[in-house]
J.: 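Below is the structure I would like to discuss, written out as C-alpha cells.
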Number of protein chains: 2
Amino acid sequence: MISKPPGLERRIRAELEAKIRAGDWPPGHRLPTEAVLMADYGCARMTVHKAIQGLVGEGLVVRNKKAGTLVAKPHVVTAVLEIPDIAALITDRGETYAFKLLSRDIADASPDNPDERALGADGRLLILKGLHIADGEPFAFERRILNLAATPEAEAIDFSHTPPGSWLLNHVPWSQARHRITAVPADASTARLLHLPPQAACLQVERWTWRNSQGVTFVRQVFPGDRYDLVAEFSPSAEP
Amino acid sequence: MISKPPGLERRIRAELEAKIRAGDWPPGHRLPTEAVLMADYGCARMTVHKAIQGLVGEGLVVRNKKAGTLVAKPHVVTAVLEIPDIAALITDRGETYAFKLLSRDIADASPDNPDERALGADGRLLILKGLHIADGEPFAFERRILNLAATPEAEAIDFSHTPPGSWLLNHVPWSQARHRITAVPADASTARLLHLPPQAACLQVERWTWRNSQGVTFVRQVFPGDRYDLVAEFSPSAEP
DNA sequence: CCCGCGATAATGTCTAGACATAATGCCTCA
DNA sequence: TGAGGCATTATGTCTAGACATTATCGCGGG
C-alpha cells in the first residue's frame with residue numbers, strides 16, 4: 001500500500017512468474033488460457049497477452065496456437081555475462097587505472113593469419129599491444145586488431161595512454177560480438193609482462209566485433225587467473 | 001514477396017533496429033516519436049509502441065517520457081552464455097559420453113565451509129564427485145553439493161552412471177543461478193584424473209543454483225584449458 | 001538573474017473489440 | 001479400422017480510442 005500500484009500487466013506477469021519459479025507449475029505444465037486470465041483479473045485480453053509475452057521474452061514459457069501456453073523446459077542454462085570495459089571495471093573497484101601501449105603497427109591483412117581471417121578484413125589493419133594496469137600492478141595483457149576500413153578514425157588516435165577498448169566503446173555504434181573464453185598457460189613473454197611464473201593459469205577472453213556485418217576489431221585479453229574472474233548472473237530480466 | 005508478410009510490428013522493429021545497427025542512428029540519437037512513426041506506417045499507436053518496446057527489451061534504446069526514445073550507449077558488453085548440460089554437449093559433438101562417480105557422501109552442512117555456506121543450506125547435504133568422459137578421455141571433473149532439504153528425491157537416485165547435472169535439469173523446475181568463471185592451475189589429484197601435467201591451466205566454472213530463494217546445488221567443474229572453451233554470442237534476441 | 005510553476009509533449013497503460021492463423025481432435029466416410 | 005477433412009480452440013496481430021504519468025521547457029515573477 002505504500003508503493004504505487006505497479007500496473008496490472010506487471011502484476012499478472014509477476015504472479016505467473018512466481019508460480020513457475022516456485023515450482024507450483026513444473027516444466028510442461030499448461031497455464032490458464034488468455035480467456036481465463038482475462039476473467040480472473042477482469043481485464044482486457046491485450047493486457048494478459050502482453051504479460052504472457054513478457055514471460056516468453058524471458059524464455060520461461062512457450063506458446064503454441066491451440067495447444068496453449070506451456071512452462072518451458074530449461075534445457076540449457078543461460079546466463080548473461082557482462083563483460084565490462086576494463087578501465088571502468090578497475091576504477092569502479094576504487095583502484096587507479098593506467099594503460100601502457102607496448103607496440104603499434106600497421107599491416108595489411110594476411111589471409112593466413114587465423115585471427116585476421118576470422119575478422120573478414122582485407123585491407124589495412126592497426127595492430128596494438130598493450131597492458132592494463134591496476135594500482136601499478138599489471139592486470140591484463142591485450143593484443144588488438146582494428147580494421148581500418150571499418151574505423152578509419154582510429155589511425156589518427158594516440159593510444160599510448162588511452163585503452164583502445166574504451167575509445168571504441170565511445171566511438172563505434174552498436175555492433176555484434178562473439179566471445180570465446182578459455183584457460184591458457186601464460187607464455188614466456190606474457191608471464192613476464194604480468195609478473196607471473198611461466199605457465200601460470202590465465203583466463204583468456206577473445207572477442208570478435210562486427211558492425212553491419214563488417215569486421216571491426218578482434219581482441220585477445222589475458223588475465224592472471226588469480227586476479228580476475230567472470231561472474232554471470234542468471235537473468236530474470238530486470239525491471240526498471 | 002516469396003515469404004509471408006512478417007507482420008507490421010516486426011517490420012517496424014526490424015527497420016528501426018537496422019538503422020541503429022548500421023550506425024545511421026548513433027548512440028544518443030533520438031528516434032522518431034510514436035506519433036510520427038504512426039503516421040509514417042499508417043498504423044495504430046499500439047503497434048509502433050510494441051515494436052519499440054521490443055527494442056527496449058534488447059537494450060538497444062532507452063525511453064523517457066517527454067524526452068523521447070534515444071539510442072542506448074553500449075557501456076558494457078553483454079553476452080549471453082549458454083552453459084550446456086555436459087552430457088548433451090558431448091553427444092552433440094558426436095562423441096560417446098560416460099559419467100563415472102568417484103565418491104558419494106552425506107554430510108551435515110558446516111558453516112565453516114565457504115561453498116556450503118554460500119548455498120545457504122543448513123541441513124543434510126549430498127556430496128558427489130565425478131568425472132565426465134568423452135570418447136574414453138576425461139573431459140571434466142566435478143564436485144557437487146546437493147541440498148537434500150531442497151531435493152530430497154536425490155538421495156534415492158543412483159548417480160553411479162547418471163550425471164547429477166542432467167538429472168537435476170529434468171527434475172528441478174526453474175531456478176536462478178550465479179556463475180563464476182576462472183582459470184586455475186590443476187591441483188595434483190585433478191591433474192591425475194584429467195590426464196594432465198600438474199599445474200596445467202584449467203577453466204573452472206562454479207555455479208550456485210537456487211529455487212525460490214532456497215539453495216539447491218553448488219557445483220565446481222574443472223575443464224582442461226585446451227579441451228574446452230566457452231563461446232558466447234551477443235544476443236540480438238532471436239526471433240522464432 | 002535565478003527560481004519555481006504550469007503547459008506541453010512524449011511515453012505508459014489499458015480497453016473492447018476485430019480478423020487472422022494454426023494445431024488439435026473429433027467425426028464422418030470409405 | 002483407418003484416413004481425411006472440418007470445426008473448435010487458442011494464440012497472433014491490429015485498431016482507435018482513452019486516461020495516466022512525467023520530464024522538459026519556457027515564461028513570469030521575485
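Please read all numbers here as calculations on a predicted model, not as lab measurements. Every chain is numbered from 1, with letters handed out A, B, ... down the list of sequences.
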J.: Could you check whether any side-chain N or O of A:Thr151 sits under 3.5 Å from a backbone N or O of A:Leu148, counting only pairs where one atom can act as donor and the other as acceptor?
T.: no
J.: Between protein and nucleic acid, restricted to nucleotides 25-27 of chain C and to nitrogen or oxygen atoms under 3.5 Å apart, what atom pairs and distances do you find?
T.:
none

J.: Take atom CG of A:Leu55 and atom P of D:dT11, then tell me their distance rounded to the nearest Å.
T.: 13 Å
J.: If you take the centroid of each ring, where Trp contributes its six-membered ring, are B:Phe99 and B:His161 closer together than 6.0 Å?
T.: no
J.: Please report the interatomic distance CZ(A:Arg220) to CD(A:Gln204), rounded to the nearest 0.5 Å.
T.: 5.0 Å
J.: Parallel, tilted or perpendicular: which one describes the rings of B:Phe223 and B:Phe139, with boundaries at 30° and 60°?
T.: perpendicular
J.: Calculate the interatomic distance between A:Lys50 atom NZ and D:dG12 atom C1'; express it in whole Å.
T.: 15 Å
J.: Would the distance check show the side chain of A:Asp158 and the main-chain N or O of A:Ser160 forming a donor-acceptor pair, the cut-off being under 3.5 Å?
T.: yes
J.: To 10°, what angle do the rotation axes through the five end pairs on each side of the helix from C:dC1-D:dG30 to C:dA30-D:dT1 form?
T.: 10°
J.: When you check the phosphate oxygens OP1 and OP2 of C:dA10, does a side-chain N or O of B:Arg63 lie under 4.0 Å from one of them?
T.: no
J.: Roughly how many Å is it from CE in B:Met46 to P in D:dC14, rounded to a whole number?
T.: 11 Å
J.: Look at the side-chain N and O atoms of B:Thr69 and state whether any lies under 4.0 Å from the OP1 or OP2 oxygen of C:dA10.
T.: no
J.: In Å and rounded to the nearest 0.5 Å, what is the CD1 to NE2 distance from A:Ile20 to A:His29?
T.: 9.5 Å
J.: For a salt bridge (charged side-chain N to carboxylate O under 4.0 Å, His left out) check, start with the C-alpha distance between B:Glu155 and B:Arg124, then their side-chain angles and the critical distance, and finish with the verdict.
T.: CA-CA 10 Å; B:Glu155 190 167 356; B:Arg124 293 166 66 239; 2.9 Å; yes
J.: Nearest to the side chain of B:Lys65, heavy atoms from C-beta on, is which of D:dA16, C:dC14, C:dG12?
T.: C:dG12
J.: So what does B:Ile52 hit on the nucleic acid, given a heavy-atom distance under 4.0 Å: a base, only sugar-phosphate, or nothing?
T.: nothing
J.: Send over the distance from A:Asn64 CG to C:dT21 P, rounded to a whole Å.
T.: 18 Å
J.: I need the CD-P distance between A:Glu9 and D:dA20, as an integer number of Å.
T.: 19 Å
J.: Could you state the CZ-C1' distance from A:Arg10 to C:dC14, rounded to the nearest angstrom?
T.: 14 Å
J.: Between A:Gly215 and A:Asn147, which heavy-atom pair has the shortest distance, and what is it?
T.: O-ND2, 2.9 Å
J.: Rounded to the nearest 0.5 Å, how far apart are CE of A:Met46 and CE of A:Met38?
T.: 12.0 Å
J.: D:dT24, C:dC14, D:dG12: which one has an atom nearest the side-chain heavy atoms of B:Ala67?
T.: D:dT24
J.: Quick check on C:dT11: is either OP1 or OP2 less than 4.0 Å from any side-chain nitrogen or oxygen of B:His49?
T.: no
J.: Return the residues of residues 26-43 of chain A meeting this criterion: a heavy atom under 4.0 Å from some atom of DNA chain D. Order them by number, or give none.
T.: A:Arg30, A:Thr33, A:Glu34
J.: Parallel under 30°, tilted from 30 to 60°, perpendicular over 60°: which one fits the rings of A:Phe218 and A:Trp208?
T.: tilted
J.: Would you please confirm or rule out a distance under 4.0 Å between OP1 or OP2 of D:dG12 and any side-chain N or O of A:Gln53?
T.: yes
J.: Give the minimum heavy-atom separation between B:Ala87 and B:Ser166, together with the two atoms involved.
T.: CB-OG, 3.7 Å
J.: Which distance, rounded to the nearest 0.5 Å, do you find between the CD1 of A:Ile157 and the CH2 of A:Trp167?
T.: 5.0 Å
J.: Counting only distance, no hydrogens or angles, is the base of C:dG12 paired donor-acceptor with the side chain of B:Arg45 under 3.5 Å?
T.: yes
J.: With respect to the phosphate group of C:dT13, does any side-chain polar atom (N or O) of A:Thr47 fall under 4.0 Å of OP1 or OP2?
T.: no
